[in-house]
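What follows is one structure encoded as C-alpha cells, with my remarks underneath.
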2 protein chains.
Amino acid sequence: MNDGEIKYKNYLHSKGQKFTPERQIILKEVLALAHHFDVDELYERLRRKGHRVSRATIYRTLPSLVENKIIKEAVRCQDNITKYEYIFGHDHHDHIVCIKCGKIYEFKNEQIEKLQEITCKGYKFKPVEHRLGIRGYCQKCRRG
Amino acid sequence: MNDGEIKYKNYLHSKGQKFTPERQIILKEVLALAHHFDVDELYERLRRKGHRVSRATIYRTLPSLVENKIIKEAVRCQDNITKYEYIFGHDHHDHIVCIKCGKIYEFKNEQIEKLQEITCKGYKFKPVEHRLGIRGYCQKCRRG
DNA sequence: TATCTAATTGTAATTCAGTCTCAATTGCAA
DNA sequence: TTGCAATTGAGACTGAATTACAATTAGATA
C-alpha cells in the first residue's frame, strides 16, 4: 500500500468504515490520474481496465476522498458536471477556465501568492488555503 | 431607464438582440436585489409582483446578464443550484473567510488584478470574471 | 404608420448528473 | 466461524437546466 492508501484506510477506520476492494480500486485510479477528472471519465477508465465498479459506488466514494483531502472539487466548469482534482502530494495551482468549451489552464504565479500573503498579514489572518479561478473565453472561443 | 438598463440594452443591441419586456422585468428585479439569488427565488419574487415571466426565459436571460457583467455566478453552494450575485455598480472584491467563525473580509488588490490580466494575456485568454477566496483563521480564531 | 422578419416567448417534453432504495453481499471484530 | 453493520450494484427516481416548436413580438425599414 502506498501513502495515499494508508492515509485513506486510516481515515475510513477512524470513522468505522471499511476499506473495500471497490474503494481501493477507485483510490488507486484517482492517484494514478495526474489531472482533472469527472465521474464518467473515472468510470470509463476503470471499465477499460476490467474493473466493474458501479457509478453509484464512485459517486459515494469521491466525497469521502474529498473529506480526506486526497482530492478536491475543482472549479465549476461549463457544463454543470462536478470535476475533481487530485491534491494529495501535488503542488497548489490556480485555474483559468473557458466558459464556452470548458478548457482548463493551470497556472501558478508566485507574485500573486506573495501579494495574498501580504494582504492576509494586514488583516492578521492566517491563510490555510485559497482558490483563484478566472473565467472567460479561450483563444479559440473568443472569436466565435 | 437607469444605468443598468441602458447598459444592457446597448449590449443586446450590439448583438442584434432585443430588449424585450421580459428581459427588462428580469433586469429590474435583479438590480433591486442586493445579494445572492437563484432562479427560483427570482421567479417567485417576480410572480409575487404579478409578473408572469417563465422559468425558461429566466434561464435564458441570466447567462446574458452574466456576460454583460451585471451579475456573476456565485460560489458553488452545497446543493447544486447555480447562484448568482449582483455586481453591476458594486465594486469587485475578493474574500478572506475565517474557517472557524465565518467572518468575511472583503479586499481588493490592484496588483493582483493586474497580474491576473497579464497571466490571461499569456494564454491569449479573454477574462470575464474571476473569483479569489482565501480561507484560514482570523486573528481571534488563530489563537483559540 | 404599416410591413416584414428574425428574435423571443411560454409550454411542455426532454436531458442527464446525481441521489436514493433495497435486496444481496461482504469486511471485520469478537 | 459467526453476526451484523457497512457496502455494493441495479435501477428507479429527482430536479435543475435545456430544448423543440408554434405563436408572438421588437424594432428596422420603407
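Convention: sequence-line order gives letters A, B, ...; per-chain numbering from 1.
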_B/Asp40: which residues meet the side-chain contact (heavy atoms from CB on, under 4.5 Å) condition with it, sequence neighbours left out?_
B/Asp38, B/Arg55
_Rounded to whole Å, please give me the gap between CD1 in A/Ile26 and P in D/dT8._
7 Å
_Counting only heavy atoms and a strict 4.0 angstrom limit, can you tell me which residues of residues 43-61 of chain A come near DNA chain C?_
A/Ala56, A/Tyr59, A/Arg60
*Using whole Å, report how far CD of A/Gln24 lies from P of D/dT7.*
15 Å
Every protein N/O lying under 3.5 Å from an N/O of nucleotides 24-28 of chain D:
unit_1 : atom_1 : unit_2  : atom_2 : d
D/dA26 : N3     : B/Lys18 : NZ     : 3.0
D/dG27 : OP1    : B/Phe19 : N      : 3.1
D/dA28 : OP1    : B/His13 : NE2    : 3.3

*Value in whole Å for how far the C1' atom of C/dG18 lies from NZ of A/Lys83*: 16 Å
_With B/Arg45 via side-chain hydrogen bond (donor to acceptor under 3.5 Å, both in side chains) - residues at least two apart_ = B/Glu29
*Check the distance between C/dG18's P and A/Leu42's CG and give it to me in whole angstrom.*
12 Å
_With B/Arg135 via salt bridge (Lys or Arg N to Asp or Glu O under 4.0 Å) - residues at least two apart_ = A/Glu129
*Take atom CG of A/Leu62 and atom P of D/dT7, then tell me their distance rounded to the nearest Å.*
15 Å
List the atom pairs, with distances to 0.1 Å, where a side-chain N or O of residues 106-116 of chain B and a protein N or O form a donor-acceptor pair under 3.5 Å, not counting sequence neighbours.
unit_1   : atom_1 : unit_2   : atom_2 : d
B/Glu106 : OE2    : B/His93  : NE2    : 3.4
B/Asn109 : OD1    : B/Gln111 : N      : 2.9
B/Asn109 : OD1    : B/Ile112 : N      : 3.0
B/Glu113 : OE2    : B/His92  : NE2    : 3.2
B/Gln116 : OE1    : B/His130 : ND1    : 3.1

*asked:* Taking salt bridge (charged side-chain N to carboxylate O under 4.0 Å, His left out) as the cut-off, I'd like each qualifying pair that reaches into residues 3-17 of chain B, sequence neighbours left out, listed once.
replied: B/Glu5-B/Lys28, B/Lys15-B/Glu67
*Of all residues at least two apart in sequence or in a different chain, which pass the ring-ring contact (aromatic ring centres under 6.0 Å, His included) check with B/Tyr123?*
A/Tyr105
*asked:* Strictly by ring-ring contact (aromatic ring centres under 6.0 Å, His included), give each pair with a member in residues 39-59 of chain B just once, sequence neighbours left out.
replied: none
*asked:* Nearest whole Å is fine: how far is C/dG18 C1' from A/Glu73 CD?
replied: 12 Å
_Checking side-chain polar atoms at under 3.5 Å, does B/Thr61 have a donor or acceptor matched by the opposite partner on B/Ser64?_
no
